[in-house]
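Computed from heavy atoms alone, side chains included, the values below leave out hydrogens, waters and symmetry copies. Below, chain A is the first sequence line, B the second, and so on; all start at residue 1. What you see is a predicted model, and the numbers here were worked out from it, not measured in a lab.
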Protein chains: 2
Amino acid sequence: MAGDKGPRRSPQEAVRAVREDIIRGVFAPGERLTEDALATRYGVSRVPVREALRVLEAEGFVEAKPYIGVFVRELSEAEAEDLLELRSVVEPMCAARAARNRTPEQLGRLKELLNLGWDAVHDGRLTEVPRLNSRFHEVIAEASGSEVLGQMIRQLSQKIAWVYAVELPRRAEDSWREHEEILEALAAGDADRASALLAEHIAKATNAYRRRVREAAQAPEDPAPTAARTGGD
Amino acid sequence: MAGDKGPRRSPQEAVRAVREDIIRGVFAPGERLTEDALATRYGVSRVPVREALRVLEAEGFVEAKPYIGVFVRELSEAEAEDLLELRSVVEPMCAARAARNRTPEQLGRLKELLNLGWDAVHDGRLTEVPRLNSRFHEVIAEASGSEVLGQMIRQLSQKIAWVYAVELPRRAEDSWREHEEILEALAAGDADRASALLAEHIAKATNAYRRRVREAAQAPEDPAPTAARTGGD
DNA sequence: GGGCGAGGGACTGTATACGACAATGGTGGC
DNA sequence: GCCACCATTGTCGTATACAGTCCCTCGCCC
């Protein structure tokens, strides 16, 4: 062990920890990540860190250059658009399946996430919202019933969270209202309605994202830095 | 070094090697993969093997159980259907982008793959066809111009190859004729036509797959084992 | 004879050590 | 004063070694 500084996370969670830190913007795009620094940060050895970085490379969050190091990738605007379009066709399909296959236990988890999300929004704990949002969509993916499909959507969802890390909190309240309607459709087993609601939900989120990008382009200086990374869809 | 038995592959290629062996069916679904065995097989140490297995786990090819081992996943029929449906919406979208963004160099690679595919089909070297087919679709994904999108589609393409490992060779000839038309549309920059052709291509491949499954269900004994794992789309 | 528990074997998970390569700073020559 | 070359340093890539956990078998007891 090196420094025992980190929060002593289980090494199994190293992947998740690094990925979350990337999504939350702790590590900036283009930044170089050294295995040693990450190892001491998370309180583990280099081996688990290496494994985590390989996974993140496969997922597209970092880029590894041999004998040099791994670098946090940066998402171009065009790539973000592609992800959003991809999502707009994939997630409604996923929701339709989920409406048919969801278990009561999954509905319960969605309801719980919905409550947590509402509370976080109303209490102003906006830093927690993106994570809850991701979880909500991931559970829907899981509820689709297909493990392979769910895994793929989960990756997509995480990248989307990366995109939305810069969205405005203004939309958060609307977003969770829409989540509520989606959950109702899933609970009722209405595949068509669930699919349509999710399509609409994503379209609105995409528009909010585009507005945010346009505003940022007009005012290069972020007008409210504390408001960043608190949005979601 | 452990055994020096393997073909002395570069460790960088360990991931690719294991994945290909899984796709080709060298490792049967449900089979347990021990790190040591893989290490000696590929002539590397356990560490690169572990990293490879983690990546494959993230990609959904294997399932890791803590302190027990990793097992080759098996694709249920329902999951295969989901993958095919996912593909039917994602790849046409990808083709449309590729028609606009493809570089001459990428067109050249596609043309080369097309020739290789035709030759393999006509010479009866059917074991090489699925790999060439995967490559063809992967280059289209790359030509879409979005790195993140391409990476995601590449993973999808690999899983599809896994599904099609059981397809009939009967379709191979039609498939490569369709590839030729797709390439023409891409070269012409006709996004709509490329998208439509790819949608049709995938629909036919999906039907062929479904026929194959139905026939297999009627005759549990594989009537022509040498014909398996030689198809593609 | 059957069930339960302890012990051994095997494998995974992790840490440490060493060699290979790239980047960087200093020194010498021009 | 500037540029090229070389040594040094830092990091990655890999191998080896050790600790923790699970499974399975063998022996004991009921």
What I'd like to find out is whether the side chain of A:Leu198 reaches to under 4.5 Å of the side chain of A:His137, using heavy atoms alone. yes
What is the ring orientation for A:Trp162 with A:Phe61, classed by angle as parallel under 30°, tilted 30 to 60°, or perpendicular over 60°? tilted
CD of A:Glu63 versus C1' of D:dC12: gap in Å, rounded? 16 Å
Annotated protein contacts, base or backbone, on nucleotides 19-25 of chain C with a non-hydrogen cut-off under 4.0 Å, one of B, S, - each: -BSSS--
For atom CG of B:Asp36 and atom P of D:dA15, their distance in whole Å: 12 Å
What is the distance from OH of B:Tyr42 to P of D:dT14, rounded to the nearest Å? 16 Å
B:Glu79/B:Arg73 salt bridge by N-O under 4.0 Å criterion: yes
What nucleic acid atoms does A:Leu53 come within less than 4.0 Å of, heavy atoms only: base, sugar-phosphate, or nothing? nothing
Is the shortest side-chain N to carboxylate O distance from A:Arg135 to A:Glu112 below 4.0 Å? no
Under 3.5 Å, side-chain donor or acceptor atoms of residues 62-72 of chain A against the rest of the protein: list the pairs with distances, not counting sequence neighbours.
none

Has A:Ser45 got a side-chain N or O lying under 4.0 Å from the OP1 or OP2 atom of C:dT14? no
Any side-chain N or O of B:Arg50 under 4.0 Å from OP1/OP2 of C:dT12? no
Basic-acidic side-chain contact under 4.0 Å: B:Asp119, B:Arg125: no
Minimum-distance nucleotide (side-chain atoms of A:Val47 versus C:dT16, D:dT11, D:dT14): C:dT16
So does B:Arg154 pair up with B:Glu138, basic N to acidic O under 4.0 Å? no
So B:Leu114 and B:Leu132, do their side chains get closer than 4.5 Å, heavy atoms only? no
From the options D:dA15, D:dG13, D:dT11, select the nucleotide whose nearest atom is closest to the side chain of A:Arg54. D:dG13
In degrees, rounded to 10°, what is the bend between the two ends of the helix from C:dG1-D:dC30 to C:dC30-D:dG1, using five pairs at each? 10°
Would you mind reading off the distance between B:Arg46 atom CZ and D:dA17 atom P, rounded to a whole angstrom? 13 Å
CD of B:Glu35 versus P of D:dC18: gap in Å, rounded? 18 Å
Measure the distance from CD on A:Glu51 to P on D:dC12 and round it to the nearest whole Å. 15 Å
Any salt bridge linking A:Glu91 with A:Arg87? Criterion: basic side-chain nitrogen under 4.0 Å from a carboxylate oxygen. yes
